[in-house]
Novice: 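I have a structure I would like to understand better, so I am pasting it below and will then ask my questions one at a time.
A quick note: this is a predicted structure, and the numbers were derived from the prediction, not measured.
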Amino acid sequence: MTLLQLKYIVKIVECGSMNEASHELYVSQPALSSSVKELEKELGIEIFTRSSQGIALTVDGAEFLTYARQVLDQASLLEERYKNAKPRKQLCTVSTQHYMFAVEAFVEMINSIKSDEYEFTIRETRTRDIIDSVANMRSDLGIIYLSDFNKDVIGKLLREKHLEFHPLFRAPLHVFISRDNPLATKKLITMKDLKPFPFIQYEQGEDGSFYFAEEAVWPDYSPKQINVTDRATILNFIIGLNGYTVCTGIDNGDLNNEKIVTVPLDSDETMLVGWITNERAKLSTAAENYLEKLKSVVADHGYKLID
């Protein structure tokens with residue numbers, strides 16, 4: 001086993017295909033494939049499954065990837081210490097539902113690092129995509145919520161994919177509405193109050209269901225409903241169409257503060273927001289740093305952290 005073979009495995013996982021990895025590594029695909037097979041034979045395990053749809057990590061492969069990354073990190077430290085070589089890029093990938101506080105923490109994490117090179121990714125995406133991304137180790141962690149309605153279904157899926165949910169904070173439900181909305185001055189809003197206005201929700205794709213919805217509650221019947229995929233669009237529709245959406249109530253004061261307000265929703269339901277990790281993976285230093293910033297941002301917004 002060589003460090004080069006470990007680098008090959010990590011690069012294949014990062015690229016998602018043998019072909020793309022061979023281009024980035026400047027080696028032929030047959031040579032790359034042969035090196036992986038030799039390593040698998042030496043270790044007596046199958047690292048990747050191969051099919052017409054591409055490659056995927058096996059259970060043994062996912063565990064091996066964790067150790068390979070640790071070995072490469074240690075080798076990078078040795079090179080930096082004794083050869084004065086550049087350290088490996090700091091890497092961190094976060095997949096999240098559409099939360100302003102998640103992005104705010106990401107900004108603070110990047111501003112806090114002391115590194116000449118890094119490559120960070122944050123994806124605001126669908127609930128199922130978040131779960132799959134962490135399960136396939138394309139993301140270090142994911143940010144989702146659980147409620148009384150979805151916790152059994154989501155919890156079962158997390159267990160099947162060997163993922164762990166770590167609670168961060170519990171939020172009573174709020175709605176985002178335009179400051180010009182006639183309901184904006186109310187101290188508490190009911191779903192009945194909201195019936196005349198367009199209900200805006202994040203679409204979850206063909207595989208989605210109410211259990212994967214980002215909104216913890218929704219109207220029994222909404223004559224006006226809009227499905228969107230990104231946060232900028234939903235904010236523009238709230239302002240331009242006098243629509244509303246259900247949320248945690250945390251907003252970034254720097255974003256549309258003069259045009260959008262959050263108002264508590266009359267509901268017994270709450271959102272237990274937390275992060276998910278792969279039980280076979282160890283978080284990178286950058287990911288650990290992100291979690292610290294995430295906790296700090298949530299606490300600064302006045303929410304009590306769950307130990």
Side-chain angles (χ1 to χ4, degrees), residues 1-43 45-96 106 109-110 113-126 129-142 161 277-278 280-290:
M1 185 193 312
T2 66
L3 288 176
L4 184 60
Q5 286 176 309
L6 301 186
K7 291 177 181 178
Y8 284 173
I9 298 298
V10 171
K11 180 57 68 174
I12 291 168
V13 173
E14 290 176 356
C15 293
S17 76
M18 195 80 71
N19 184 48
E20 186 177 343
S22 67
H23 287 302
E24 293 203 12
L25 292 166
Y26 301 103
V27 298
S28 67
Q29 185 170 337
L32 181 60
S33 179
S34 175
S35 180
V36 172
K37 288 179 180 178
E38 287 177 6
L39 181 60
E40 289 177 323
K41 183 177 180 181
E42 177 185 348
L43 298 176
I45 64 171
E46 187 179 36
I47 298 175
F48 297 108
T49 58
R50 300 157 178 87
S51 68
S52 58
Q53 283 76 41
I55 61 172
L57 279 171
T58 63
V59 173
D60 287 333
E63 184 178 15
F64 177 79
L65 177 66
T66 300
Y67 289 112
R69 282 174 168 161
Q70 291 180 38
V71 171
L72 290 174
D73 284 339
Q74 292 298 319
S76 179
L77 289 174
L78 283 172
E79 290 180 353
E80 182 183 8
R81 172 66 178 84
Y82 294 106
K83 294 176 61 177
N84 198 28
K86 284 187 176 181
R88 295 176 69 214
K89 285 183 180 179
Q90 288 201 46
L91 301 174
C92 179
T93 300
V94 175
S95 291
T96 176
F106 206 77
M109 181 267 289
I110 293 175
I113 69 164
K114 297 178 180 179
S115 176
D116 294 331
E117 294 188 22
Y118 58 77
E119 183 177 334
F120 298 138
T121 304
I122 184 166
R123 304 186 185 100
E124 289 187 324
T125 187
R126 301 169 181 170
D129 290 342
I130 295 170
I131 294 171
D132 289 342
S133 182
V134 177
N136 295 330
M137 296 188 182
R138 293 185 180 276
S139 292
D140 295 272
L141 56 91
K161 293 182 176 289
T277 55
N278 193 309
R280 299 189 182 96
K282 183 178 184 298
L283 288 180
S284 66
T285 301
E288 293 278 10
N289 186 15
Y290 174 73

Novice: For residues 17-28, run the donor-acceptor check on the side chains, cut-off 3.5 Å, and write out each pair with its distance to 0.1 Å, sequence neighbours left out.
Specialist:
from, atom 1, to, atom 2, distance (Å)
S17, OG, E20, N, 3.1
S22, OG, N19, O, 2.6
E24, OE1, K11, NZ, 3.2
S28, OG, A31, N, 3.2

Novice: Among pairs that include at least one residue of residues 46-61, which meet salt bridge (charged side-chain N to carboxylate O under 4.0 Å, His left out), considering only residues two or more places apart or in two chains?
Specialist: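 Counting only pairs at least two positions apart or across chains, the salt bridge (charged side-chain N to carboxylate O under 4.0 Å, His left out) contacts touching residues 46-61 are E40-R50.
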
Novice: Please check if the side chain of N278 supplies one atom and the backbone of R280 the other of a donor-acceptor pair under 3.5 Å.
Specialist: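 Yes, because the side chain of N278 sits within donor-acceptor range (under 3.5 Å) of the backbone of R280.
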
Novice: Please identify each residue that fulfils side chain to side chain contact (heavy atoms under 4.5 Å, CB included) with S35, with sequence neighbours left out.
Specialist: Q5, Y8

Novice: Does the side chain of L39 come within less than 4.5 Å of E42's, by heavy atoms?
Specialist: yes

Novice: Counting C-beta onward and ignoring hydrogens, is there a side-chain heavy-atom pair between Y290 and L283 closer than 4.5 Å?
Specialist: no

Novice: With a 4.5 Å limit on heavy-atom distance, are the side chains of N136 and L57 in contact?
Specialist: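 Sidechains of L57 and N136: no contact.
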
Novice: Would you call K161-D132 a salt bridge at under 4.0 Å N-O?
Specialist: yes

Novice: If you measure from OG1 on T2 to CD on E38, what distance do you get to the nearest 0.5 Å?
Specialist: 9.5 Å

Novice: Suppose we screen for side-chain hydrogen bond (donor to acceptor under 3.5 Å, both in side chains). Which residues come up paired with T96, at least two apart in sequence or across chains?
Specialist: none

Novice: Does some side-chain heavy atom of T49 sit less than 4.5 Å from a side-chain heavy atom of I55?
Specialist: no

Novice: Over all heavy atoms of both residues, which pair between A286 and C92 is shortest? Give the atoms and the distance, please.
Specialist: CB-CB, 3.7 Å

Novice: Can you tell if the side chain of T58 reaches within under 4.5 Å of the side chain of F48, non-hydrogen atoms only?
Specialist: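 Of all side-chain heavy-atom pairs linking F48 with T58, none is under 4.5 Å.
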
Novice: Is any side-chain heavy atom of I12 closer than 4.5 Å to one of L32?
Specialist: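 L32 vs I12: side chains touch.
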
Novice: Got a sec, which residues hit side chain to side chain contact (heavy atoms under 4.5 Å, CB included) with E63, two or more places apart in sequence or on another chain?
Specialist: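 By the side chain to side chain contact (heavy atoms under 4.5 Å, CB included) rule, E63 matches Y67.
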
Novice: V10 and A68: which non-hydrogen atoms are nearest, and at how many Å?
Specialist: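 Reported closest heavy-atom pair: CG2-CB, 4.5 Å.
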
Novice: Quick one, V94 and F120 - any side-chain contact, counting heavy atoms below 4.5 Å?
Specialist: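 Heavy-atom side-chain distance check fails, nothing below 4.5 Å.
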
Novice: Minimum heavy-atom separation for T66 and M137, please, with both atom names.
Specialist: OG1-CE, 4.1 Å

Novice: Mind checking what makes side-chain hydrogen bond (donor to acceptor under 3.5 Å, both in side chains) contact with K37, not counting sequence neighbours?
Specialist: none

Novice: For the pair D140 (side chain) and T93 (backbone), establish whether a donor and an acceptor sit closer than 3.5 Å, ignoring hydrogens and angles.
Specialist: yes

